[in-house]
A.B. asks: 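This is the structure, below, for whatever I ask next.
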Amino acid sequence: MASLGLFSGTKCVNVRFRLPYYTQWGQSLVVCGSEPVLGAWNVKKGLLLSPVHEGDELLWCGTIAIPKDFESEYNYYVVDDNRNVLRSEMGKKRKLLLPEGIQDGILVELHDLWLIGADALSFTSAFKDVIFRTRSTLKVERHLGLIKNRLDNEDYILLIDVSSYQIYVIGSSFKLGQWKIDSGLKLSYSGQSIWHVDCFLFVFLNNYSTYKYCKYRDAGNFSLETGATRDLSLESSNAKLRYVVRSDGMMRETPWRGAGVAIPMFSIRSETDLGVGEFLDLKLLVDWAVESGFHLIQLLPINDTSVHGMWWDSYPYSSLSVCALHPLYLRVHALSENIPQDIKVEIEKAKEQLDGKVVDYEATMATKLAIAKKVFAQEKELILNSSSFQEFLSENEDWLKPYAAFCFLRDFFETSDHSQWGRFSYFSKEKLEKLVSKDSLHYDVISFHYYIQYHLHLQLSEAADYAREQGVILKGDLPIGVDRNSVDTWVYPDLFRMNTSTGAPPDYFDKNGQNWGFPTYNWEEMSKDNYAWWRARLTQMAKYFTAYRIDHILGFFRIWELPEHAVTGLVGKFRPSIPLSQEELEREGVWDFDRLSKPYIQQQFLQDKFGVSWPVIASTFMNEYQKNQYEFKDDSNTEKKIASKLRSLSDKSLLENENKTRIDLFDLLRNVVLIRDPEDPGKFYPRFNLEDTSSFQDLDEHSKNVLKKLYYDYYFHRQENLWRQNALKTLPALLNSSDMLACGEDLGLIPSCVHPVMQELGLIGLRIQRMPNEPDLEFGIPSQYDYMTVCAPSCHDCSTMRAWWEEDEERRRRYFKTVVSSDMLPPDRCVPEIAHFIIKQHVDAPSMWAIFPLQDLLALKEKYTTRPAAEETINDPTNPKHYWRFRVHVTLESLIKDDELITTIKDLVRGSGRSYPGGHTEIQAKQELSFSSTQKQLVANEKEKISVISQGTPQKDLLAVR
């Protein structure tokens, strides 16, 4: 028992913690809480629990003595022998409250279960603030913890019957009604989707009962929960009265499912926008979504990307600031109610000029900023001195002031590369305060950036509030990286590995891998303040969104790290990872490390690639260090150096085709088997797809077999535990930073540890039919998807459903035979019937969410398929300089009037049993959201008081009494 010194002289109550949990060797459990007796959130000082075997179950138990007025938050932690945290619970903190009027010396037992992420999903803002918001008629009947302390058999419940249904617990024992609803126990609603009941049980002998929960509406109208019966085991003893508090998790019913639409912000078209989708257009999109039966709108990132001052900035994942919103989405004619007539005329003229087939990024940005500056000039005093603006500035100054200063310096030095800013290259708070001082000559420039962000905030907030009111979730996108020339790398340089670049190994999207150009994160440095940068980023995002997509969630397990001088994404390594040591390789008989880690270039390779031009290429880029063997010159030994040298060659006639020459030289540069660690020459990493290289093919058989074995060990075995531990350190910091619903983009080369960790943390995965997780399938089977997934026929990183169908005849035939089960010749075009079939597969899937790109939904109607399908593609992952400019070719106003399309979509949603705004499923939804949480616990003694707590959705802090 914990020391009583803290409460000497105070009458105490004993509280016993009890948690079933199977640990590995060297692991223990600690309960840690907000009060000193539980460690004051210092896990090393928390209550160490002891293991006890009860039948086949391993229980962890511990007891503390506390005063009767004690209150505390607490959670459980898995620790090693040094009490280092290995794993922690997910979701909200638990609360410990004692029953009113409890007697001295009474034992209160808390029979808890380990909380995983899925247990808290219904408490995310997506559900509690949007889907389940205020439409339910349920009212709080009795707050959790107000347990009466009388032993009167008739006083086990206090219920004010105000809801359209009640929850009962019925079972095999007399106390539980012997399976008769009218004799069962009626539960009280305690708020936050929690139901509970208190009852007194007198146990004379060992007693066993089975039971279930039941939703009761009126006579003859009830539904019993699904699944096996629950077990209630009571043991008699001579112990004093005990309070035993158990939680039964969720009432097991049909899992809640919803549908949504995905579209980039820039792709939206309305009759009032200026060349690009704008935040206020989201209100129209919400109206269309509601009519179509959608509970969710998914966007791409909306942060400012103005790094280069040109169309390259159309790439939405290369953030200039992780907090600032993009000025591109500003509605300039909503800046003021008193816009002069000449500016109104200018706006109307610009609308006509920019109303093109695609987004003209540069012209739209220039026009909007020019107009905004004119409006700012006339009303800056009014806005900047307003209480609303001052409040905005005060709440956001930590990121807003550095952002405004960065934008000023970027424009002044005509580059975002802050290494070129002289004495301002290194950020300091003293320099910042001088830059943003109201007394500075350039304060108008600084305050203009404040002004733009203020209005973007107002406009997005208006749209977000409207979406919540209409029962529509706004789902944002959290990019995996930031631009290396960004506010964040300027202000927090220690958080980034600036000599590296982030990407992805070869996968479905690109056989040569991807190089996104972002610096990788310094996770060790980030952990020192408990990932404050990430927490601030998520807190800001939660002001507007109630759900978000974690871009490339695999990067939180391990990231594909490339040297900063790389152009492509092939020759990288995973970070963190356990490398191959020189000693390990030598034990296996591999010793020629220069041969394996330097480009292997034979004269024959040059002749094969460059033909008659090979002597010129060789003399320009290489040295012959041995007969017929070549190495790259120092000015050509990286991809960036090769690309630069090719561009600078004065005699271009020497090159038959510059692009082909660059690709062939890159191939030779990447013709290695091992990659030597630049920070530790004695460590090596197997080059991805090393068997495809001629360097590998020219090795002896022994070396080949050894390297193949080590390759598969490196990529598929030895890293799993390390990557799992890394994700369990980093991801909880994100998830606990806000109450948004979190989804993870888990496409690509997926380690086996990923899905178990995502399940543990309550993260919703992504399933794209053409990219199945199963290696033996060409096409995914939506009817077999897990519940904790988002399913979709396509996404922004691949061709649309219509383009995919039409671009490959042989694949189209295989799909028709395999998925449609037809030997007939499929249509060449993705006609509405085909679109309907594919969409219905997904909307009928078990996945929690079915989210469809708007382009795929438009394929349901012939009228919208006249545009070439290839033009609807948003991104080409194989092209690092892709222009993100797709615009839907129909306005939102027109879509809202298209009753035929709306009816088709809504019939698909309703026919699938998914919830839809205003539908009957929404009214019942509080009791229908079901997640994976099994509750099997109860031990009670003679004259014990049992507090049974049930809820229609997973628990938050249910295990609490007062």
Side-chain angles (χ1 to χ4, degrees), residues 24 78 86-88 90 116-118 120-121 477-481 502-510 513-514 516 520-521 523 531 534 547-561 569 572-578 688 711-736 741-777 780-781 784-792 795 797 846-849 877 931-932:
Q24 297 178 5
V78 178
L86 303 177
R87 185 181 177 202
S88 56
M90 295 301 298
I116 61 174
L121 286 184
D477 198 326
L478 184 74
I480 184 62
T502 302
D507 58 13
Y508 174 92
F509 297 109
D510 193 334
Q514 299 176 60
W516 302 322
T520 57
Y521 294 120
W523 289 109
Y531 308 97
W534 283 102
Y548 66 107
R549 167 189 177 271
I550 302 175
D551 174 43
H552 193 62
I553 197 171
L554 305 182
F556 293 90
F557 292 79
R558 82 294 183 270
I559 198 69
W560 187 245
E561 186 175 77
K573 61 182 176 63
F574 285 122
R575 183 179 185 87
S577 66
I578 303 168
F688 200 89
Y711 174 90
Y712 284 101
D713 179 60
Y714 175 85
Y715 281 103
F716 302 109
H717 296 291
R718 73 164 65 189
Q719 319 295 347
E720 292 294 326
N721 189 53
L722 173 65
W723 291 345
R724 180 183 183 278
Q725 291 175 358
N726 195 54
L728 289 174
K729 289 179 184 177
T730 56
L731 283 171
L734 272 72
L735 301 177
N736 294 331
L741 177 68
C743 305
E745 182 260 292
D746 52 343
L747 304 176
L749 184 69
I750 304 173
S752 59
C753 63
V754 169
H755 290 148
V757 168
M758 290 181 67
Q759 182 179 11
E760 178 178 335
L761 299 182
L763 283 158
I764 301 169
L766 176 62
R767 299 294 176 267
I768 305 293
Q769 188 173 26
R770 70 186 76 171
M771 295 177 251
N773 287 335
E774 301 82 0
D776 57 332
L777 293 180
I781 306 173
Q784 297 180 7
Y785 290 161
D786 293 334
Y787 174 66
M788 290 289 288
T789 57
V790 171
C791 68
C795 65
D797 274 332
S847 302
M848 181 191 294
W849 289 101
F931 303 103
S932 57

A.B. asks: Closest approach of Ile768 and Tyr785, non-hydrogen atoms and distance?
C.D. replies: C-OH, 4.1 Å

A.B. asks: How many angstroms lie between CG in Leu777 and CD in Gln784, if you round to the nearest 0.5 Å?
C.D. replies: 8.0 Å

A.B. asks: For the residue pair Cys791 and Ser847, what are the closest heavy atoms and their distance?
C.D. replies: CB-OG, 3.6 Å

A.B. asks: For the CD atom on Glu774, are there more than 12 heavy atoms of other groups (residues, nucleotides or ligands in this structure) within a distance under 6.0 Å?
C.D. replies: yes

A.B. asks: Flag the pair Leu761 / Leu728 as yes when at least one side-chain heavy-atom distance between them is below 4.5 Å, and no otherwise.
C.D. replies: yes

A.B. asks: For His552, does its backbone N or O pair with a side-chain atom of Glu745 as donor and acceptor, under 3.5 Å?
C.D. replies: yes

A.B. asks: From Thr789 OG1 over to Asp746 CG, what is the distance, rounded to the nearest 0.5 angstrom?
C.D. replies: 9.0 Å

A.B. asks: Can you tell me if Tyr712 uses its side chain to pair, donor with acceptor, with the backbone of His717 under 3.5 Å?
C.D. replies: no

A.B. asks: Between Trp560 and Gly569 (side chain of the first, backbone of the second, donor and acceptor by atom type, cut-off under 3.5 Å), is there such a pair?
C.D. replies: yes

A.B. asks: Given Leu766 and Ile553, is the side-chain contact (heavy atoms from CB on, under 4.5 Å) satisfied, shown in steps?
C.D. replies: CA-CA 11 Å; Leu766 176 62; Ile553 197 171; over 6 Å; no

A.B. asks: Taking the side chain as C-beta and beyond, is there a heavy-atom pair between Phe556 and Val757 under 4.5 Å?
C.D. replies: no

A.B. asks: For Ile578, is there any backbone N or O sitting under 3.5 Å from a side-chain donor or acceptor partner on Gln719?
C.D. replies: yes

A.B. asks: Quick one about Ser577 and Tyr714 (side-chain donor to acceptor, distance below 3.5 Å, no hydrogens or angles considered), yes or no?
C.D. replies: yes

A.B. asks: Ignoring hydrogens, what is the shortest heavy-atom contact between Met90 and Leu735? Give both atom names and the distance.
C.D. replies: CE-CD1, 3.5 Å

A.B. asks: Measuring from Arg724:CZ to Leu86:CG, what's the distance to the nearest 0.5 Å?
C.D. replies: 9.5 Å

A.B. asks: List the steps and the verdict of side-chain contact (heavy atoms from CB on, under 4.5 Å) for Asn773 and His755.
C.D. replies: CA-CA 11 Å; Asn773 287 335; His755 290 148; 3.5 Å; yes

A.B. asks: Is it true that Trp523 and Trp534 have ring centroids separated by less than 6.0 Å?
C.D. replies: yes

A.B. asks: Heavy atoms only: give me the nearest Phe688-Leu749 pair and the separation to one decimal.
C.D. replies: CE1-CD2, 3.7 Å

A.B. asks: Are the side chain of Asp551 and the backbone of Leu478 linked by a donor-acceptor contact shorter than 3.5 Å?
C.D. replies: no

A.B. asks: Just how far is it from atom CZ of Phe574 to atom CG of Leu722, taken to the nearest 0.5 Å?
C.D. replies: 12.0 Å

A.B. asks: So do the side chains of Tyr521 and Arg575 get within less than 4.5 Å of each other, counting heavy atoms only?
C.D. replies: no

A.B. asks: Under the criterion side-chain contact (heavy atoms from CB on, under 4.5 Å), I'd like the reasoning laid out for Ile480 against Trp516: C-alpha separation, chi angles, the key distance, then a yes or no.
C.D. replies: CA-CA 10 Å; Ile480 184 62; Trp516 302 322; 3.9 Å; yes

A.B. asks: To the nearest 0.5 Å, how far apart are CZ in Arg767 and CG in Asp786?
C.D. replies: 6.0 Å

A.B. asks: Would Met788 and Leu121 satisfy side-chain contact (heavy atoms from CB on, under 4.5 Å), going step by step from the backbone distance to the final call?
C.D. replies: CA-CA 11 Å; Met788 290 289 288; Leu121 286 184; 3.4 Å; yes

A.B. asks: Judged by atom type as modelled, is there a donor-acceptor pair below 3.5 Å linking the side chain of Glu720 to the main-chain atoms of Cys753?
C.D. replies: yes

A.B. asks: Is a side-chain donor or acceptor of Glu561 paired with a backbone partner of Lys573 at a separation under 3.5 angstrom?
C.D. replies: no

A.B. asks: Measure across Tyr787 and Pro846 and return the closest heavy-atom pair with its distance rounded to 0.1 Å.
C.D. replies: CD1-O, 3.3 Å

A.B. asks: Counting only heavy atoms not in Phe716, do more than 12 sit closer than 6.0 Å to its CZ atom?
C.D. replies: yes

